[in-house]
Amino acid sequence: MVANTLAPPVAARPQRSRSRSWLRLIILLAIVAVVLYPLIWMIGTSVKSQQEIVSNIGLLPERFTPGNYTDGWSNFDVSFGRFFLNSAMVSLLTVVGNAVSCLLAAYAFARLRFRLRRLWFAIMIGTLLLPAHVLIVPQYILFRTLGLVGGDWPYLPLLIPQFLATEAFFVFLMVQFMRGIPRELDEAARIDGAGAFGIFRHVILPLSRPALVTTAIFSFIWTWNEFFRQLVFLSELSDYTVPVALTLFIDSTSQSAIGPMFAMAVLSLLPVFVFFVAFQRMLVEGINTSGIKG
């Protein structure tokens with residue numbers, strides 16, 4: 001009788017649960033608003049006039065100026081579409097290079113047996129501690145010595161490392177994934193007469209699809225947004241990618257075209273957004289199955 005007297009009314013429990021749900025919803029909406037505020041501000045700024053950008057810091061423009069998009073697209077001697085094509089080409093070839101080379105390197109570390117395998121794997125993981133800015137100078141000197149900087153195809157310094165499994169993060173990701181594949185499948189394939197390449201072709205490659213998709217998505221997004229290496233190795237205007245081309249709108253010797261710059265920045269987000277939405281389900285699946293197992 002005492003326990004029943006002290007227990008809260010049954011009708012109060014759903015009300016308390018609804019209050020917690022509303023509080024959780026308000027907190028999530030506040031977090032979303034904080035995260036999306038810079039994006040919304042950039043979109044609003046892209047349709048403001050040059051004078052309003054300086055005077056109006058609000059989200060919405062007082063006077064709608066869609067001409068920033070046409071001005072930004074044709075602001076240079078080369079159409080901005082050329083920069084989009086350059087970025088797309090570099091990003092897609094980087095995806096192919098990372099997927100192929102990192103998968104082969106991961107297969108060697110995860111399934112093959114050779115001398116000093118653990119030492120080489122530890123050295124590869126250790127390269128993750130090196131900042132990219134430390135490596136850019138020796139890379140530039142190397143490619144300059146080989147005559148690949150500013151040559152007939154200036155993108156070679158950006159693409160050659162990707163075909164040599166230099167992205168240790170993706171190699172580690174795939175190694176962890178392959179370690180979760182039962183070795184009994186390798187033994188069964190070996191009994192059927194398959195060698196190392198046969199096991200890779202018929203067993204490992206089909207089962208590594210989630211890890212490959214994760215590698216492809218991150219490779220595309222990181223390469224599309226990369227700025228420093230592309231700025232160092234690309235010197236001709238017609239060879240510029242989107243991140244490098246966006247800096248051309250800011251000129252220290254004349255008036256900067258801020259409005260067109262924000263307009264092109266908004267357009268530069270569209271390929272990444274579309275790519276992410278198209279492969280979002282595969283990305284979540286790849287993250288859940290790659291690199292989590294010890």
Side-chain angles (χ1 to χ4, degrees), residues 28-95 132-133 136 154-155 158 216-280 283:
L28 291 177
L29 289 177
I31 295 175
V32 170
V34 172
V35 172
L36 293 182
Y37 178 84
L39 177 62
I40 298 174
W41 183 86
M42 184 175 67
I43 296 175
T45 305
S46 67
V47 291
K48 293 179 182 179
S49 62
Q50 185 75 19
Q51 295 75 17
E52 188 178 354
I53 292 176
V54 180
S55 59
N56 181 16
I57 61 174
L59 293 178
L60 301 178
E62 298 176 358
R63 185 169 63 89
F64 189 68
T65 312
N68 289 334
Y69 285 87
T70 57
D71 294 341
W73 193 263
S74 58
N75 189 74
F76 310 106
D77 297 334
V78 179
S79 173
F80 211 87
R82 176 63 181 269
F83 305 139
F84 273 91
L85 291 177
N86 294 340
S87 286
M89 178 186 60
V90 173
S91 299
L92 293 177
L93 289 177
T94 298
V95 168
H133 300 80
I136 194 66
Y155 305 108
L158 301 174
I217 293 176
F218 280 112
S219 295
F220 182 87
I221 294 176
W222 291 351
T223 305
W224 184 274
N225 295 326
E226 187 182 34
F227 170 74
F228 186 65
R229 292 181 69 247
Q230 297 173 4
L231 176 66
V232 170
F233 288 109
L234 301 178
S235 57
E236 296 293 333
L237 177 64
S238 59
D239 299 328
Y240 281 0
T241 55
V242 170
V244 181
L246 287 175
T247 63
L248 300 177
F249 288 101
I250 302 178
D251 190 354
S252 60
T253 60
S254 61
Q255 187 177 9
S256 300
I258 303 298
M261 180 188 69
F262 276 103
M264 294 301 101
V266 172
L267 292 182
S268 69
L269 295 177
L270 294 180
V272 175
F273 178 76
V274 172
F275 196 86
F276 178 80
V277 171
F279 297 97
Q280 181 181 12
L283 175 63

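Everything numeric here is computed off the predicted structure, so don't read it as measured data. Sequential numbering from 1 along the given sequence is applied to the chain's residues.
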**Request:** Would you sort out whether Ser46 and Asn68 count as a side-chain contact (heavy atoms from CB on, under 4.5 Å), showing the intermediate values?
**Result:** CA-CA 7 Å; Ser46 67; Asn68 289 334; 5.6 Å; no
**Ile31: side-chain contact (heavy atoms from CB on, under 4.5 Å) partners, not counting sequence neighbours** = Ile27, Val35
**Asked** What's the spacing between Phe220 CZ and Thr94 OG1 if we round to 0.5 Å?
**Response** 10.0 Å
**Request:** With sequence neighbours excluded, tell me which residues meet side-chain contact (heavy atoms from CB on, under 4.5 Å) with Asp71.
**Result:** Pro260
**Asked** Residues two or more places apart in sequence or in another chain: which of them pass side chain to side chain donor-acceptor pair (under 3.5 Å) with Ser219?
**Response** Asn98
**Request:** List in chain and number order the residues that pass side-chain contact (heavy atoms from CB on, under 4.5 Å) with Ile258, two or more places apart in sequence or in another chain; answer none if no residue qualifies.
**Result:** Gln50, Ile53, Ser256, Met261, Phe262
**Check: Thr247 side chain, Val244 main-chain N or O, donor-acceptor pair, under 3.5 Å** = yes
**Prompt:** Less than 4.5 Å apart, any side-chain heavy atom of Leu39 and any of Leu269?
**Reply:** yes
**Item:** Trp73: partners by side chain to side chain donor-acceptor pair (under 3.5 Å), with sequence neighbours left out
**Value:** Ser79
**Request:** Determine which pairs satisfy ring-ring contact (aromatic ring centres under 6.0 Å, His included) with at least one residue from residues 48-72, sequence neighbours left out, and list them in order.
**Result:** none
**Message:** How long is the straight-line distance from CG of Leu267 back to CE of Met264, given to the nearest 0.5 Å?
**Reply:** 4.5 Å
Name each donor-acceptor pair under 3.5 Å that joins a side chain in residues 232-243 to protein atoms two or more places apart or in another chain, with its distance.
from	atom 1	to	atom 2	distance (Å)
Thr241	OG1	Gln230	OE1	2.3

**Message:** Going by the rule side chain to side chain donor-acceptor pair (under 3.5 Å), which residues pair with Ser87 if we only count those two or more places apart in sequence or in a different chain?
**Reply:** none
**Prompt:** Can you name the residues that form a side-chain contact (heavy atoms from CB on, under 4.5 Å) with Tyr37, not counting sequence neighbours?
**Reply:** Trp41, Leu59
**Asked** How would you list, by chain and number, every residue that makes a salt bridge (charged side-chain N to carboxylate O under 4.0 Å, His left out) with Arg229, sequence neighbours excluded?
**Response** Glu226
**Item:** Nearest-0.5 Å distance, NE2 of residue His133 to CZ of residue Phe228
**Value:** 5.0 Å
**Request:** Could you tell me whether the side chain of Ser55 and the main chain of Gln51 form a donor-acceptor pair under 3.5 Å?
**Result:** yes
**Asked** Can you name the residues that form a ring pair (Phe, Tyr, Trp, His ring centres under 6.0 Å) with Phe76, not counting sequence neighbours?
**Response** Phe249
**Complete:** For Leu246 and Ser268, the nearest pair of non-hydrogen atoms, with its separation, is CD1-OG, 4.3 Å
**Request:** Hey, could you give me each pair passing salt bridge (Lys or Arg N to Asp or Glu O under 4.0 Å) that has a residue in residues 37-62? Not counting sequence neighbours.
**Result:** none
